[in-house]
**Q** 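Would you mind keeping the following structure in view while I ask a few things?
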Amino acid sequence: MSDQEIVRREALGKLRELGVEPYPAAAFPVTTNSAEIKAEFDPEKHPMEDVVLAGRLMSVRVMGKASFAEIQDSQGRIQIYVNRDEICPEEDKTLYNEVFKKLLDIGDFIGVKGRVFLTRTGEITVHVVSLTLLSKTLHPLPIVKVDAEGQVHDAFSDPEQRYRQRYVDLVVNPEVRNTFIQRSKMIRVMREFMSSRGYLEVETPILQPLYGGALAKPFKTHHNTLDMTLFLRIANELYLKRLIVGGFDGVFEFAKNFRNEGMSRFHNPEFTVMELYVAYQDCFWMMDFYEEMIEQVAIALHGSTEVKVGDKVIDFKRPWKRYTMFEAIQEYTGVDITGMNEDELRKTARELHVPIDETMGKGKLIDEIFGTHAEPKLIQPTFITDYPVEMSPLAKKHRDHEGLVERFEVVCNAKEIANAFTELNDPIDQRQRFEEQLALGKRGDTESMVLDEDFLRSLEYGMPPTAGIGVGIDRLAMIMTNSDSIQDVIFFPQMRPEKNIASE
RNA sequence: GAUCUCGUAGCUCAGCUGGUUAGAGCAUUUGACUUUUAAUCAAAGGGUCAUGGGUUCGAAUCCCAUCGAGAUCACCA
């Protein structure tokens, strides 16, 4: 234990000797908070003679018989003024001299009652008349200081510590708190946008006997009572479609999915996707729907359709640019791949220096060419439509073009932020597609889909024409909050276990 | 999984072409101070230099291994 931790533990004992309970049970109902005081206080028009607020003590400047300190609540910080003879009107000055000056530490939760005033330098400050310790801190908080020029000193910046001890990060780095508030607001806007159109928010299984609806490696687990293998879902698509079969017009779910794959600043083993399915619509309707929803998200978060991301400005103002996949490839490589067979595509990919291997089929080759040459250049939100059928086993065949499906992705800041289809509802075609996937699996592609008989049975009972979309919530949150790592938009990103935390 | 970079006090960092007792600021402790705001002034304490091994008269510093993190790549959303 460090000297500072030992000192704090000793302070605990001394507080109890003085009759001050460091962890009182009684409620401390507040009447206001730091932001409200700063917004509403006016010495002439709106004096505040009797306020009660609480928070963490974040800095203390003792000047003999008077002190200034700052407390931080959920809304921010506010300065307090503590005068010895006011909090100790009697002979006994212990509360000020011992408790406040010596036994309180930065980080401790305190509650204060007092009146608001303006200091000589014009800062809105709470003149404390009574002070209560609400919870004692034993672990020292990093002290982050901001000087008059707004320069931050001694920032708590080590990424490992910030992610492992997010609670500290949140206390000490206000912009982190804001990022997560924005993320939450983003989800709320989407939820309200969909709910107000009558779509139903639902929950579907995370533990699945078969993993389907996407191409990925799953986490595997075991249920003891049933003595069976279960998988953590890689997608919820097939369950949401079963609900459309069941007669709902629109269903959506904000779903945690799990994929047992590499980690990077764009990948966390568990991540959040919002999927929506709407009966009697197609993917072209969904383009308009998504565009409008995300434009509203941007406006709700930033008051504008423009969002600053790194050194770029991304504008979500409708309408967004729309390319077919072949158009996008032609735009960025100059090569028209329309009508090419597998050998021609392989040759083209080599000429364009696209990394390929022998297991890749036609669809995957096209996807690689797009991913290498077009996707990195798409910064503004852009719809890419008309994907090859081979890489979209759950999408309906294109109404006009042989070999393509009715599908779009939205690429923004060089990353996919949505994927949507006119859903395949022909059970016989769906069975064939699954079988083609099984064939691909035999060819060596480890990420082909497994055949889900119950899902096929549900389609045989009949699914109406349906539009579906999946939205990567973490990726969208990264853009909307100008974060360059997924770890900055997930409270507790996955980490290897920390050694020796117990022995500390 | 591969490559590169990093790990020194509670926090942020210096020291790294090997060489007295490993330094600084903030934080902590003691003292002074009744309107300060990165408060100030005076003094003090605080370190298995990530872990283990090696080279050397001598290692925070060089080498190897391990653990943890970040970046890039591969797989993917």
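Chain naming here is simple, since letters A, B, ... match the order of the sequence lines and numbering starts at 1 in each.
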**Q** Which residues pass the salt bridge (Lys or Arg N to Asp or Glu O under 4.0 Å) test with A:Arg166, sequence neighbours left out?
**A** A:Asp169
**Q** Using a cut-off of under 3.5 Å, enumerate the N/O to N/O pairs linking the protein to nucleotides 23-30 of chain B.
**A**
{"from": "B:rG25", "atom 1": "N2", "to": "A:Asp154", "atom 2": "OD1", "distance (Å)": "2.9"}
{"from": "B:rG25", "atom 1": "N2", "to": "A:Asp154", "atom 2": "OD2", "distance (Å)": "3.1"}
{"from": "B:rC26", "atom 1": "O3'", "to": "A:Lys145", "atom 2": "NZ", "distance (Å)": "3.2"}
{"from": "B:rA27", "atom 1": "OP1", "to": "A:Lys145", "atom 2": "NZ", "distance (Å)": "3.2"}
{"from": "B:rA27", "atom 1": "O2'", "to": "A:Gln4", "atom 2": "OE1", "distance (Å)": "3.3"}
{"from": "B:rA27", "atom 1": "N3", "to": "A:Gln4", "atom 2": "NE2", "distance (Å)": "3.0"}

**Q** Both distances under 3.5 Å, Watson-Crick or G-U wobble: report the partner of B:rC67, or none.
**A** B:rG7
**Q** Do A:Phe370 and A:Leu378 make a side-chain contact, defined as non-hydrogen atoms from C-beta onward lying under 4.5 Å apart?
**A** yes
**Q** For A:Thr481, enumerate each residue passing the side-chain hydrogen bond (donor to acceptor under 3.5 Å, both in side chains) test, keeping only those at least two apart in sequence or located in another chain.
**A** A:Ser483
**Q** Enumerate the residue pairs fulfilling salt bridge (Lys or Arg N to Asp or Glu O under 4.0 Å) with a member in residues 408-418 of chain A, sequence neighbours excluded, ordered by first and then second residue.
**A** A:Arg407-A:Glu409
**Q** Considering only B:rC13, B:rC75, B:rG1, which nucleotide approaches the side chain of A:Ser157 most closely?
**A** B:rC13
**Q** Could you work out, with side chain to side chain contact (heavy atoms under 4.5 Å, CB included) as the rule, every residue matching A:Asp92, not counting sequence neighbours?
**A** A:Thr94
**Q** Starting the side chain at C-beta, find the nucleotide from B:rG70, B:rU34, B:rG1 nearest to A:Pro159.
**A** B:rG70
**Q** Find every protein N or O atom lying less than 3.5 Å from an N or O atom of nucleotides 40-43 of chain B, and list the pairs.
**A**
none

**Q** Taking ring pair (Phe, Tyr, Trp, His ring centres under 6.0 Å) as the test, write out the residues that go with A:Phe266, two or more places apart.
**A** none
**Q** Enumerate the salt bridge (Lys or Arg N to Asp or Glu O under 4.0 Å) contacts for residues 376-389 of chain A, please, sequence neighbours excluded, ordered by first and then second residue.
**A** none
**Q** So, using side chain to side chain contact (heavy atoms under 4.5 Å, CB included) as the criterion, who are the partners of A:Gln75 when residues are at least two apart?
**A** A:Asn33, A:Ser34, A:Ala35, A:Asp73
**Q** Distances under 3.5 Å between protein N/O atoms and the N/O atoms of nucleotides 71-74 of chain B, please, pair by pair.
**A**
{"from": "B:rU72", "atom 1": "OP1", "to": "A:Arg265", "atom 2": "NE", "distance (Å)": "3.1"}
{"from": "B:rU72", "atom 1": "OP2", "to": "A:Arg265", "atom 2": "NE", "distance (Å)": "3.2"}

**Q** Under the rule for side chain to side chain contact (heavy atoms under 4.5 Å, CB included), what residues qualify as partners of A:Asn482, not counting sequence neighbours?
**A** A:Val309
**Q** Mind jotting down which residue pairs meet the ring pair (Phe, Tyr, Trp, His ring centres under 6.0 Å) criterion with at least one end in residues 56-79 of chain A? Sequence neighbours excluded, please.
**A** A:Phe68-A:Tyr81
